[in-house]
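Since the structure comes first, as structure tokens, the remarks are kept for the end.
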Amino acid sequence: MTEEQIHLETDVLVVGAGGAGMYAAIAAARNGANVLLLDKSLIGRGGATIMAQMTVAVAVGEQTPDHWTHHLADTLNAGRGLCDEELAAILCREGPDRIHEMDEWRTGWTREDGHMKQVMAPGHEIPRCVFVDFLNTGPAVAKTLRTRVARTEGITKVSNLSVTELVVGKGHVRGAVALDLNGGRAVTIAAGAVVLAAGGLTRLYQRNSASVNMGGESYALALRAGAGLIDMEFVQFFPIGHLAPRLVGMDPIMWDPFRYKLGGRLLNGNKEEFIEKYGASDSGTYTAPRDVTSYAIFKEVEAGRASPNGGAYLSFEHLDETTLRSAFGPVIDRLANNGIDLTKRPIEVAPIAHYHMGGIRVNSEMATTIPGLYAAGEAVGGANGANRLSGNAITEALVFGERAGRFAAQAVTDKDWNKGWARKAIGDIKNLTPDDGNGPTFGMLFGELQSVMWEKVGLLRTGDKLEQALARIREMQRRDLPNMKPQSSGPFALGVQEWFDLRAALATAETITLAALNRTESRGAHQREDLPNTDEEQTHNQCVCLVDNNLALESVPVRRTEFERVALGGAE
Ligand SMILES: Cc1cc2nc3c(=O)[nH]c(=O)nc-3n(C[C@H](O)[C@H](O)[C@H](O)COP(=O)(O)OP(=O)(O)OC[C@H]3O[C@@H](n4cnc5c(N)ncnc54)[C@H](O)[C@@H]3O)c2cc1C
């Protein structure tokens with residue numbers, strides 16, 4: 001490893017360039033800050049945002065009268081009493097501003113009769129979700145923001161730079177240490193404020209909809225810097241992830257938009273509808289919430305009524321080709337290339353880990369408890385409580401990104417930097433000497449972690465399974481990780497990166513497992529088979545932080561806010 005080290009300086013450092021990070025960079029720059037926007041992948045092309053397929057929930061009321069207070073009521077209802085209501089209200093109130101601004105920037109929201117088209121999605125009382133045809137919402141959002149970032153003065157972009165540690169000095173965040181993935185060097189960055197927008201954690205689970213860089217780094221970085229995490233037990237499982245037949249080059253959650261537009265019948269292995277048995281109504285209209293649908297599929301499989309590959313059938317056989325083509329145009333040809341004809345045969349679906357409701361605890365300015373440290377996007381916890389409404393995640397990324405960037409820019413005062421504050425983190429990178437010996441490899445350990453999380457900290461949990469998972473995760477942290485050496489092969493520092501990926505993944509997995517063990521009830525996405533009922537006494541959030549290198553968990557009251565649903569058609 002080379003000794004050469006690069007040092008950069010900026011007013012606002014934005015870590016992660018998905019929807020939240022890019023919006024934060026734009027907002028910080030237009031509030032007068034110099035911004036460094038970095039990503040371990042390519043700017044605007046890594047993470048979840050570019051993968052998102054369809055809906056963005058927002059009360060623009062273009063086709064059906066709506067108001068943000070109605071969106072808020074639906075969000076709180078889905079969150080099962082645990083939403084941070086201040087954050088949820090901000091999400092719903094400022095969502096329309098962001099969507100209109102994105103419209104001015106030519107995102108190309110699909111229109112009908114001159115109005116943004118809005119579709120129904122589970123948990124929403126009215127059609128509220130805007131989108132870009134055909135399955136292009138995420139790519140269109142990412143492209144719009146990439147273009148805007150490029151046109152905004154004061155933003156410097158750096159790809160292939162992976163933050164391994166936030167630097168804290170005199171109780172204030174001072175910047176970060178990062179690994180340059182091209183050359184393997186440690187890079188230090190001094191900053192007046194930092195926005196952490198490094199996305200979610202679903203890659204920790206064996207079956208997931210994640211890209212490779214969604215391994216929980218936001219949470220681990222915040223935790224190590226001294227910030228608190230909230231609601232870590234609430235991982236959302238997307239009920240109808242693709243299972244069979246084999247699907248190449250298409251997204252595993254692509255059936256969601258199909259159901260928004262066309263309905264579709266969810267059937268067990270005996271070809272019977274079953275969602276009503278679990279207290280929800282669906283019958284082709286797709287209104288049952290995600291947590292209930294995931295649970296129902298899991299239970300049907302457990303009862304021996306699975307489809308051949310261990311999930312449920314999703315059938316569009318009652319639709320003809322013309323209807324399918326008018327709704328999904330070229331997507332039908334891509335399905336045909338995969339040998340799938342929806343008019344002839346159902347596909348099979350099953351739950352997959354998809355989104356994280358928990359995350360970094362922030363106030364309404366997106367500030368953490370560490371002065372100078374802000375967070376945005378899926379990295380932030382609380383707004384969605386125990387279960388997220390479809391379409392709220394992109395809105396959250398855009399709204400919280402804008403706020404985090406704006407408030408971070410306003411908070412920049414001094415840019416005090418002392419290399420001593422970063423020495424340990426620089427050493428962590430430099431001391432990782434590559435070795436092709438016989439120690440455990442990243443693939444072995446990460447694969448095992450994914451199995452542990454899926455089997456013991458997944459959709460249906462028990463106290464015993466969680467205890468076992470916690471013990472193994474802690475063993476991996478304390479015994480296996482220190483013995484894992486980066487593999488030396490290849491021109492890039494991928495082996496070194498993998499070591500830091502695993503460190504972050506284990507730290508984050510520990511927080512989820514501990515919080516799940518301590519929530520001794522079932523609620524929303526957290527389902528305990530040994531404790532199937534919701535306990536009203538536990539209508540509080542759980543906050544976890546590091547104290548003397550050990551996790552400490554405390555219950556905190558839910559942040560409430562006063563609001564009244566405005567009569568539809570009335571003014572705010
Ligand atoms: C397949 C899929 C489909 C989805 N569809 C929808 C939908 O239709 N509607 C909806 O509302 N939501 C949807 N979601 C959820 C939504 O897309 C995400 O919650 C949202 O885009 C998150 O945005 P973000 O900016 O917080 O994170 P991301 O877009 O994930 O960006 C995070 C960035 O941080 C970078 N990063 C990570 N670690 C580091 C590090 N250590 N150093 C530097 N950079 C780092 C990553 O490379 C990545 O580019 C979907 C998610 C997936 C996975």
Side-chain angles (χ1 to χ4, degrees), residues 13-25 37-58 91 95 119 121 129-132 135-139 141-142 145 158-166 176-179 181 187 189 195-203 208-222 236 238 241-242 250-254 256-257 260 352-357 359-360 375-380 383-384 388-401 404 497 500-501 503-505:
L13 168 65
V14 180
V15 181
M22 288 193 284
Y23 225 121
L37 172 65
L38 63 79
D39 201 290
K40 69 190 285 186
S41 174
L42 299 175
I43 298 292
R45 294 181 195 273
T49 304
I50 200 165
M51 294 166 73
Q53 296 263 300
M54 180 134 168
T55 56
V56 182
V58 64
L91 188 162
V119 288
C129 294
V130 300
F131 60 96
V132 180
L135 306 188
N136 269 322
T137 301
V141 165
L145 291 173
V158 188
S159 293
N160 296 325
L161 208 51
S162 181
V163 169
T164 56
E165 200 91 75
L166 297 174
V177 173
L179 171 69
L181 295 172
V187 175
I189 306 144
V195 177
L196 202 40
L201 55 66
T202 44
R203 190 186 171 212
N208 64 64
S209 63
S211 63
V212 72
N213 42 12
M214 290 162 64
E217 285 171 73
S218 296
Y219 317 109
L221 287 168
Q236 183 166 65
F238 176 79
H242 187 83
M250 300 185 84
D251 201 285
I253 75 149
M254 61 174 289
D256 218 13
Y260 292 143
I352 49 176
H354 179 55
Y355 171 84
H356 189 42
M357 272 76 71
I360 302 166
E378 194 166 332
V380 165
N384 295 290
R388 171 179 69 97
L389 272 188
S390 308
N392 265 10
I394 293 191
T395 318
E396 169 186 73
L398 306 178
V399 169
F400 291 1
Q497 175 59 58
F500 286 103
D501 282 355
R503 183 176 74 170

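Keep in mind that this is a model prediction, so the values were computed, not measured. Numbering of residues begins at 1 and proceeds along the displayed sequence. We count ligands from 1, going down the list as the structure has it; atoms in each ligand are counted the same way.
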| field | Residue pair Val130 / Val56, side-chain heavy-atom distance below 4.5 Å | value | yes
| query | How would you list, by chain and number, every residue that makes a salt bridge (Lys or Arg N to Asp or Glu O under 4.0 Å) with Glu217, sequence neighbours excluded? | reply | Lys40
| message | Tell me the closest heavy-atom pair linking Gly95 and Thr395, and the distance in Å. | response | CA-CG2, 3.7 Å
Dump the pairs for me: ligand 1 N or O, protein N or O, distance under 3.5 Å, to 0.1 Å.
residue  : atom   : partner : partner atom : Å
ligand 1 : 8 (O)  : Met54   : N            : 3.1
ligand 1 : 8 (O)  : Thr55   : N            : 3.2
ligand 1 : 9 (N)  : Thr55   : O            : 2.7
ligand 1 : 11 (O) : Thr55   : O            : 3.4
ligand 1 : 11 (O) : Gly391  : O            : 3.3
ligand 1 : 11 (O) : Ala393  : N            : 3.2
ligand 1 : 11 (O) : Ile394  : N            : 2.9
ligand 1 : 19 (O) : Glu378  : OE1          : 2.6
ligand 1 : 21 (O) : Thr49   : N            : 3.4
ligand 1 : 21 (O) : Thr49   : OG1          : 2.9
ligand 1 : 23 (O) : Thr49   : OG1          : 3.2
ligand 1 : 25 (O) : Gly19   : N            : 3.2
ligand 1 : 25 (O) : Ala20   : N            : 2.9
ligand 1 : 26 (O) : Glu378  : N            : 2.9
ligand 1 : 29 (O) : Ala48   : N            : 3.2
ligand 1 : 29 (O) : Thr49   : N            : 2.9
ligand 1 : 29 (O) : Thr49   : OG1          : 2.6
ligand 1 : 30 (O) : Ala48   : N            : 2.8
ligand 1 : 41 (N) : Val163  : O            : 3.1
ligand 1 : 41 (N) : Glu217  : OE1          : 2.7
ligand 1 : 42 (N) : Val163  : N            : 3.0
ligand 1 : 44 (N) : Lys40   : N            : 3.1
ligand 1 : 47 (O) : Asp39   : OD1          : 2.6
ligand 1 : 47 (O) : Asn213  : ND2          : 2.7
ligand 1 : 49 (O) : Asp39   : OD1          : 3.3
ligand 1 : 49 (O) : Asp39   : OD2          : 2.6
ligand 1 : 49 (O) : Gly46   : O            : 3.4

| request: Just jot down the salt bridge (Lys or Arg N to Asp or Glu O under 4.0 Å) partners of Arg503, sequence neighbours excluded, or say none. | output: Glu165, Asp428
| Who are the side chain to side chain donor-acceptor pair (under 3.5 Å) partners of Thr137, not counting sequence neighbours? | none
| request: Look at the aromatic rings of Tyr219 and His356 and report parallel, tilted or perpendicular, splitting at 30° and 60°. | output: perpendicular
